[in-house]
Amino acid sequence: MKNTDPNNFREKLDTIMSQDIALCYQCGKCSAGCPVRDFTETPPNRVGRFVQLGFYEKAISSPSIWLCAGCQTCSTRCPQGFDMARFMDALRELAIEYGIKPPDPDGMAFHRSFLNQIKNFGRSYEIGFLLEYKLKTRHFFQDLDLAPVTLIKGKLGLLPPKVKGKKSIRKIFAEAEGGKA
């Protein structure tokens, strides 16, 4: 990590996630229920253990933080009430701050495209997300064979969702990005 002292990292992490990683006692229930666990080398509880032991760079360099779907399965399974999904979000935020790029360059495009949809529409707008992601990665024909099936089955809405409180969501993004709301 560049320009980072361990104490500063831990303070930032604690501030972002507003919870104590010491709550995690490594029972592994979060990892056992994680839907992307089979695609990661490091299960969520082990990433938490890295932080508990002060291996911060190892934690924010883990590909697992970029694969986290944010589905909250881990958080709901935790007997201690530790929000592992929020923890993974905080690690991604710090990884970006410290200039650590995801191991898969498309991961950042995925992350940004998803957040832009939330920012603009108040929730995920799948077709908007796909267009933005495809433009950023230039994988125009990847998964193209799935498009007709998903459209026929109504899995992709053609229009953006109608969500109340879009202004509030934009305000949250503006504040998080350091701008005025």
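Residues take their numbers from the sequence shown, with the count starting at 1.
- Between the side chain of Thr42 and the main chain of Val47, no donor-acceptor pair closer than 3.5 Å is present.
- Using cut-offs of 30° and 60° on the angle between ring planes, the pair Phe129 and Tyr133 is parallel.
- Residues Leu91 and Val51 meet the side-chain proximity criterion, which asks for heavy atoms closer than 4.5 Å.
- Heavy atoms only, all atoms of each residue included: Ala95 and Ile65 are closest at CB-CD1, 4.1 Å.
- In this structure a side-chain-to-backbone donor-acceptor pair under 3.5 Å is present from Arg37 to Thr40.
- Nearest heavy atom pair, residue Thr15 against residue Ser18, reads O-OG, 3.4 Å.
- Heavy-atom minimum distance, Cys24 versus Gln52: O-NE2, 2.7 Å.
- Counting heavy atoms from C-beta on, the side chains of Pro161 and Arg123 come closer than 4.5 Å.
- Thr76 places a side-chain N or O within donor-acceptor distance of the main-chain N or O of Thr73, the cut-off being under 3.5 Å.
- Side-chain contact between Arg49 and Leu53: present, with at least one pair of heavy atoms (C-beta onward) separated by less than 4.5 Å.
- Ser75 contributes a side-chain N or O that, together with a main-chain N or O of Met84, makes up a donor-acceptor pair within less than 3.5 Å.
- Scanning all heavy atoms of the two residues, the minimum distance from Leu135 to Phe140 falls at CD2-CE2, 3.9 Å.
- Taking 4.5 Å as the limit, some side-chain heavy atom of Leu156 sits within range of a side-chain heavy atom of Leu130.
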List the steps, then state whether ring pair (Phe, Tyr, Trp, His ring centres under 6.0 Å) holds for Tyr56 with Phe50. CA-CA 6 Å; Tyr56 305 129; Phe50 290 154; over 10 Å; no
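- Partners of Lys101 under the salt bridge (charged side-chain N to carboxylate O under 4.0 Å, His left out) rule, at least two apart in sequence or in another chain, do not exist in this structure.
- The shortest distance between side-chain heavy atoms of Phe110 and Thr137 does not fall below 4.5 Å.
- Proximity of Cys71 to Pro35: side-chain heavy atoms (C-beta onward) are separated by under 4.5 Å at one or more points.
- Side-chain atoms of Asp83 come within 3.5 Å of backbone atoms of Arg86 as a donor-acceptor pair (strictly under, hydrogens ignored).
- Across all their heavy atoms, Asn116 and Lys136 have their closest contact at ND2-NZ, 3.7 Å.
- Taking a cutoff of 4.0 Å between a charged side-chain nitrogen and a carboxylate oxygen, Glu177 and Arg170 do not qualify as a salt bridge.
- Among all heavy-atom pairs drawn from Ala90 and Met17, the shortest one is CB-CB, 4.1 Å.
- In this structure a side-chain-to-backbone donor-acceptor pair under 3.5 Å is missing from Lys155 to Val149.
- Counting heavy atoms from C-beta on, the side chains of Pro44 and Met88 come closer than 4.5 Å.
- Residues Pro79 and Tyr25 meet the side-chain proximity criterion, which asks for heavy atoms closer than 4.5 Å.
- Take Asp20 and apply the side chain to side chain contact (heavy atoms under 4.5 Å, CB included) test, not counting sequence neighbours, and it matches Arg10, Ala22.
- Applying the ring pair (Phe, Tyr, Trp, His ring centres under 6.0 Å) criterion to His111, with sequence neighbours excluded, gives Trp66.
- Atom CZ of Phe121 has more than 12 neighbouring heavy atoms from other residues, nucleotides or ligands inside a 6.0 Å radius.
- The backbone N or O of Asn45 sits less than 3.5 Å from a side-chain atom of Gln26, completing a donor-acceptor pair.
- Ionic pairing of Glu97 and Lys12 is present here: one or more N-O contacts between side-chain nitrogen and carboxylate oxygen are shorter than 4.0 angstrom.
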